[in-house]
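To start, the structure under review is shown below, and the notes come after it.
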Amino acid sequence: MRLDSGAFLVVFAAFLLVYNAVPARLKRLLLVVGSVAFYATLDLRLTPLFLSLGVFTFFVGARIHRETSDARRDRLLWLGVGVNVLALA
């Protein structure tokens with residue numbers, strides 16, 4: 001689905017209505033599901049890559065949050081950024 005299509009505008013408007021109607025605790029989950037669904041409309045083969053990068057980034061971020069050493073935090077940050085940038089290639 002292209003961003004400049006009428007279909008995108010309709011789906012996006014419907015998504016915004018649903019997003020505003022759900023409780024706050026479900027909004028993050030809805031954003032993840034909506035993002036995956038949007039990328040799946042572009043190319044279904046990219047969905048596993050998108051999901052795996054999201055899970056990887058989540059766990060790297062959680063590890064950075066728990067880490068006490070600034071040097072280790074920096075290394076984890078660059079690992080996360082590096083893996084995500086490599087996925088673009």
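The first residue of the sequence shown is numbered 1, and numbering continues consecutively from there.
- Smallest separation of non-hydrogen atoms from Ile64 and Arg73: O-NE, 3.2 Å.
- No path of Ile, Leu, Val, Met, Phe, Trp and Tyr side chains, each step under 4.5 Å between heavy atoms, connects Leu53 with Phe58, placing them in separate hydrophobic clusters.
- Atom CZ of Arg72 is separated from atom CZ of Arg66 by 12.5 Å, given to the nearest 0.5 angstrom.
- Linking ILVMFWY side-chain heavy atoms closer than 4.5 Å, directly or via other members, places Val83 and Tyr39 in two distinct hydrophobic clusters.
- Heavy-atom minimum distance, Val60 versus Leu76: CG1-O, 3.4 Å.
- Tracing side-chain contacts under 4.5 Å through hydrophobic residues (I, L, V, M, F, W, Y), one never reaches Phe12 starting from Leu31; they form parts of separate clusters.
- Using a 4.5 Å heavy-atom threshold, the side chains of Leu30 and Tyr19 count as touching.
- In the hydrophobic clustering of ILVMFWY residues, with side-chain heavy atoms under 4.5 Å counting as a link, Leu51 and Phe56 come out apart.
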task: List the steps, then state whether side chain to side chain contact (heavy atoms under 4.5 Å, CB included) holds for Thr47 with Leu44.
output: CA-CA 6 Å; Thr47 305; Leu44 195 57; 3.9 Å; yes
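- Taking hydrophobic clusters as Ile, Leu, Val, Met, Phe, Trp and Tyr residues chained together by side-chain heavy-atom distances below 4.5 Å, Leu79 shares a cluster with Leu49.
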task: Show the numbers, then the answer: is there a side chain to side chain contact (heavy atoms under 4.5 Å, CB included) between Phe15 and Val33?
output: CA-CA 11 Å; Phe15 180 82; Val33 170; over 6 Å; no
